[in-house]
Amino acid sequence: MVSALDIPGGARAVARCDALGQGPYTDEPDMLFRSYLSRAHAAALDALRGWMEEAGMTVRLDPAANLIGRYEGATPDAPALLIGSHIDSVRDAGRYDGPLGVMLGIECVAALNAAGRRLPFAIEILAFGDEEGSRFPASMLCSRAVAGTLGDQSLDVADRNGIGLAAALEAFPASGRLAEAARAPGTSIAFLEAHIEQGPVLEAEGLALGVVTGIAAQLRFQARISGRAGHAGTTAMPLRRDALTAAAEMVLAVERIAREGPADLVATVGRMTVAPGAVNVVPGRVDFSIDVRSGDETVRNDAALAIHAALDMIAETRGVTLEIEQVQDLAASPCDPALMDLLDEAVASVGQPVRRLVSGAGHDAMVMAALCPTAMLFIRCAGGISHNPAESVEPEDVELALRAMLGFIDRLGEKHA
Ligand SMILES: [Zn+2]
């Protein structure tokens with residue numbers, strides 16, 4: 001039998017994610033679903049606690065049920081470099097979205113501890129309990145708690161069984177309040193998150209690693225087209241004000257505008273409802289969503305304006321009315337330029353080309369930017385597939401990520417020496 005210490009850290013990080021992919025670490029017998037404050041979450045915390053302790057950390061559970069392992073620096077009580085990601089999952093999830101970043105953090109500390117090394121700062125590994133909104137209709141609850149950016153209304157939510165967030169927390173071993181997990185100012189020097197890319201860019205370019213420049217700015221709109229419902233058999237074509245054919249043109253306009261922009265501009269119509277929705281009635285009303293993202297807020301805003309103008313024109317030509325309401329505006333969250341440079345150097349030092357890219361998806365790092373400077377390392381995943389059991393990473397890539405993270409820690413140590 002191979003002992004854990006004979007396996008390179010990257011492969012061990014992957015193997016541990018795999019181990020958490022089955023019972024008792026899932027709430028469902030035949031798929032991976034680990035939701036916040038569930039039995040599966042508690043079981044995962046037990047496993048993680050053991051791995052953190054084995055790596056040389058002292059471990060605590062904070063009031064938001066985040067597991068935090070601390071590896072002291074050269075002087076006690078020094079501010080900490082935070083490394084982490086989330087351990088909750090979507091329903092029928094893959095095994096690496098989230099946990100891989102936590103396992104890599106543990107491996108960083110295990111390597112430093114094995115070499116007897118202490119840095120000018122402490123290192124804390126954070127396993128956030130909720131990022132996906134896995135149980136309650138609110139996401140990134142745990143990083144928001146740590147960053148101290150929770151609004152009061154965030155707490156007034158219930159799961160699908162009617163159990164409130166506060167009650168669920170109380171029933172969990174942590175038994176605290178989310179807001180009590182906020183870190184004191186000055187105790188965190190940076191936050192580093194490693195995460196699978198969840199997109200196809202690195203694989204397409206034959207690269208194992210990418211340095212994230214920031215998380216895309218996001219705008220969401222809800223649009224309503226009002227035409228005129230009519231009998232499908234008797235309403236002659238010239239007399240129609242068909243809301244769905246207008247919507248079809250609008251969807252294509254959204255796609256065209258995004259395609260004409262820079263590579264990181266994306267726009268999506270992901271949800272549409274047609275009323276009255278009968279086979280023999282000309283559609284009178286269509287509601288649809290529009291999601292626009294880019295790493296650059298100006299690019300995003302310009303695209304949104306162009307979309308508005310194009311849709312207004314289509315509505316006018318087709319004699320339907322269009323109402324568009326903005327429902328979400330998330331600012332871009334840039335990673336720290338100095339930390340990006342360090343991560344670039346660290347990636348180059350393990351023999352990998354430096355590729356910078358924007359994250360189209362949201363991550364805990366975006367929230368943690370309110371607390372301290374952040375850096376993010378992306379790892380290639382097969383086919384860009386994620387939020388799916390087919391999610392897959394190569395242990396060799398994860399090993400490269402581990403070495404790059406250790407190189408980053410070294411360089412950060414030199415800066416703080
Ligand atoms: Zn994730």
Side-chain angles (χ1 to χ4, degrees), residues 13-14 16-18 20-21 25-27 31-38 40-41 44-45 48 64-67 82-106 125-147 191-203 209-216 218 266 291 293 330 333 335 357-369 374-393 397-398 401 405:
V14 173
R16 285 175 171 175
C17 293
D18 292 343
L20 292 194
Y25 309 110
T26 169
D27 298 320
M31 66 169 79
L32 174 54
F33 177 47
R34 192 164 47 245
S35 67
Y36 183 40
L37 304 175
S38 66
H41 182 199
L45 293 180
L48 282 161
N66 298 309
L67 196 68
L82 312 181
I83 304 177
S85 195
H86 59 96
I87 57 166
D88 68 326
S89 83
V90 296
R91 194 171 282 275
D92 205 9
R95 299 187 293 271
Y96 310 105
D97 171 0
L100 187 60
V102 179
M103 302 309 171
L104 274 167
I106 294 172
I125 309 304
L126 282 71
F128 294 118
D130 172 79
E131 188 266 356
E132 302 280 11
S134 50
R135 177 162 175 184
F136 300 97
S139 59
M140 305 204 187
L141 283 170
C142 288
S143 48
R144 281 156 63 197
V146 170
F191 177 74
L192 171 65
E193 181 171 14
H195 201 283
I196 58 167
E197 183 199 346
Q198 299 180 281
V201 174
L202 294 175
E203 187 180 59
L209 305 176
V211 175
V212 178
T213 56
I215 290 159
Q218 192 185 107
V266 289
D291 176 303
R293 305 184 198 201
L330 291 180
S333 175
C335 291
L357 72 173
V358 173
S359 172
H363 292 290
D364 290 308
M366 163 175 101
V367 172
M368 294 296 279
T374 58
M376 248 195 119
L377 181 67
F378 268 173
I379 300 159
R380 164 169 57 189
C381 60
I385 294 168
S386 144
H387 284 188
N388 184 308
E391 205 172 83
S392 167
V393 288
D397 291 354
V398 178
M405 290 168 80

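First listed ligand is number 1; within each ligand, the first listed atom is number 1. One-based numbering along the sequence shown. Just so it is clear, the values below take in all heavy atoms, side chains as well, and ignore hydrogens, waters and symmetry mates.
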Participant: Looking only at atom types and distance, does a side-chain atom of Glu131 sit under 3.5 Å from a main-chain N or O of Ser139, one as donor and one as acceptor?
Facilitator: no

Participant: Output, by chain and residue number, all protein N/O/S atoms separated from the Zn ion (ligand 1) by less than 2.8 Å.
Facilitator: His86 NE2, Asp97 OD1, His195 NE2

Participant: My understanding is that only residues two or more places apart in sequence, or in another chain, count here; which of them pass side chain to side chain contact (heavy atoms under 4.5 Å, CB included) with Met366?
Facilitator: Met140, Ile215, Ser333

Participant: Please check: side-chain N/O of Ser35 versus main-chain N/O of Ser38, any donor-acceptor pairing under 3.5 Å?
Facilitator: no

Participant: Applying salt bridge (Lys or Arg N to Asp or Glu O under 4.0 Å), name anything that partners Asp92, two or more places apart in sequence or on another chain.
Facilitator: none

Participant: Does Asp27 have any salt bridge (Lys or Arg N to Asp or Glu O under 4.0 Å) partners at least two apart in sequence or in another chain, and if so, which?
Facilitator: none

Participant: Looking at Phe33, I'd like to know if the NZ or CZ of Arg91 sits under 6.0 Å from its six-membered ring centre while staying within 45 degrees of the ring's axis.
Facilitator: yes

